[in-house]
Amino acid sequence: MVCLIKAPRGTNDILPPETNKWAYLEALLRRLSNTYNFQEIRTPIFEYTELFTRTVGETTDIVQKEMYTFEDKGGRLLTLRPEGTAPVVRAFLEHGLDSKALPAKLFYLGPMFRYEKPQAGRYRQFMQYGVEILGSPSPYSDVEVIQMGVKIAEELGLLGTTLFINTIGCPECRKEYREDLVEYLKDQISDLCPDCRSRIDTNPLRVLDCKNPECRKVTQDAPSVHDYLCDECEAHWETLKTILTSLGMEYTVDPTLVRGLDYYTRTVFEIKWPPLGAQDTIVGGGRYDGLAEQLGGSHIPGVGFALGMERLLLASDKGEKPIDATCPIDCFIVVAVGEDDGFSDDMYIRGFQLLQDLRSSGISCDFDPLRRSMRAQMKHADRAGAQYTIIFGEEEFRNSAVSVRSMKHGWQKQIALDHVLGFVKGEILGGT
RNA sequence: GUGGAUGUAGCUCAGGCGGUUAGAGCGCCAGGUUGUGGCCCUGGAGGUCGGGGGUUCAAAUCCCCUCAUUCACCCCA
């Protein structure tokens, strides 16, 4: 079969039984959100372009090359959201949530869009889950968020994840650092790759995480932010590490971890799972104390993380306990149609009635509307993962009974039609 | 955006130096089994050989372009 029109590049159709994994993951994330007391927030899929250019940063890859931007019929410049934090903070300010009890703990779950070259674990439309704590400057909030990220990986049976953390200071201490870094880099400019040469002016911190070996040599001896931290940032950083240690959480300090969005301050972190290959960051986040002010609000410190669900499911499949994609039903009604002896139609109707009764009792069940052979129906029942089949046959029909068969154990008994509902309910809901 | 690899049945893949009707396994449908799933046997359906163009008497096979996937880079979730 061919279809003239295919799904656009970098997008995915998610089909059964794969959808069951998504349902499971979503349920897991919602459950954990509740455990950590995060409440769901839903924001539009598109926003004014300016929201992202102002917060994410003009010089970042996201803004420069990855946004789906378009003009609507009213001449408004809009962008399909490439990330969730800026919209959440925007909605938070717009609706005056800062006048309610703080800190606010919010989570979101939905599609994001980035115009990138697709690769395994990286798509143009992808589902992201993220949490944000707004109104708390406390390093305990940083740890709360980080710990939840680790917890999610654990719940999915991902062994061998690594938590990388770093601090990039605040705008105050970063100012002096930035000047010294730029000066240092300009002295070594001949050894830097072309990308990094232009980064010196646009975003010098990003030179630090360039993977080019030549650039690495240069950055090895570059001044470190850690030597420029103001007292507050230093205290925040030290407390953060102390709390992590006291929880027995292992972490690696990675001074080259700066992350690609401009709004980050102080803490940044990533959780990586190496078996994924090139796209091995499953959770990424950090603190953004200046974001609300950038959007015209008051000073509302924030910290959060985001995770890509496609990537997480990819990891889950490769991990220790892949999510079970099957979705079996409780029972299946089989109607054995013999030669047309006048019973068939009646049997079908009685079977169909029982189907309704079972469903009304909360028992999942199905039947074969195609009136195929009994064998075909049994096969169908088997494939649907039915635990029990309920067989309407001529012989049973004459006795006002049906046969109930356990597909798992193979036993089969005749049950009076009047009692079958109770019997099946007992078998399935009674937990035998 | 840069570089490499790969596109043949629903899925996993053979075939490939040009030569009749393009194959296998799995899956699907039916029969063997007019009252029974899984195992086994038999049969059947299902293909624009990713798309377009070119070379040729002849293209799944050679050439060009294009689209898609994938790996790496860039960057991220």
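The sequence lines fix the lettering, A, B, ..., with proteins before strands; numbering per chain opens at 1.
Using a 4.0 Å heavy-atom distance criterion, A:Ala278 is classed as a base contact. A:Glu395 comes within contact range of at least one nucleobase, with a heavy-atom separation under 4.0 Å. Using a 4.0 Å heavy-atom criterion, one finds that A:Glu66 contacts the sugar-phosphate atoms exclusively. Among the atoms of the strands shown, only primed sugar atoms or phosphate atoms (P, OP1, OP2) are found under 4.0 Å from some heavy atom of A:Gly10. Using a 4.0 Å heavy-atom criterion, one finds that A:Arg405 contacts the bases of the nucleic acid, with or without backbone contacts as well. Heavy atoms of A:Tyr129 sit nowhere under 4.0 angstrom from any nucleic acid atom. Within the 4.0 angstrom heavy-atom criterion, no nucleotide atom of any strand lies near A:Gln125. Residue A:Val334 is classed as having no contact, given no heavy-atom separation below 4.0 Å to the nucleic acid. Residue contacts shown for A:Glu83 are absent, as no nucleic acid heavy atom lies under 4.0 Å away. Across all strands shown, A:Leu312 has no heavy atoms under 4.0 Å from either base or sugar-phosphate atoms. Across all strands, A:Gly130 comes closer than 4.0 Å to no nucleic acid atom at all (heavy-atom distances). Note on A:Arg114: a base of the nucleic acid sits closer than 4.0 angstrom, heavy atoms only. Backbone-only contact: A:Gly284 has heavy atoms under 4.0 Å from sugar-phosphate atoms and none from a base. Nucleic acid contact for A:Glu116: base, since at least one base atom lies under 4.0 Å from a heavy atom of the residue.
Taking atom P in both B:rA60 and B:rG52, the straight-line distance is 12 Å, to the nearest Å. Atom name P, nucleotides B:rC39 and B:rG1: the rounded distance is 48 Å, in whole Å. Taking atom C1' in both B:rA58 and B:rC40, one finds a spacing of 45 Å when rounded to whole Å. Here, B:rG23 and B:rG15 have their C1' atoms 7 Å apart, quoted to the whole Å. With both ends at atom C1', the span from B:rA59 to B:rG32 equals 43 Å, rounded to whole Å. Comparing the C1' positions of B:rU33 and B:rG43 gives an interatomic distance of 16 Å, to the nearest angstrom. As rounded to the nearest Å, B:rC13 and B:rC75 have C1' atoms that lie 34 Å from one another. For the C1' atoms, the distance linking B:rG50 with B:rG7 amounts to 6 Å, nearest Å.
For B:rG35, the base has no donor-acceptor partner in the side chain of A:Gln377 [N/O atoms by modelled type, under 3.5 angstrom]. Between the side chain of A:Arg311 and the base of B:rC76 there is at least one donor-acceptor pair of N/O atoms closer than 3.5 Å. Side-chain atoms of A:Arg375 stay outside donor-acceptor range of the base of B:rG37, with no qualifying N/O pair under 3.5 Å.
Base pairing annotation: B:rA72 forms a Watson-Crick or G-U wobble pair with B:rU2, both donor-acceptor distances under 3.5 Å.
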| request: Check the pair A:Leu158, A:Glu320 against side chain to side chain contact (heavy atoms under 4.5 Å, CB included), reporting the backbone distance first and the verdict last. | output: CA-CA 6 Å; A:Leu158 266 35; A:Glu320 293 297 309; over 6 Å; no
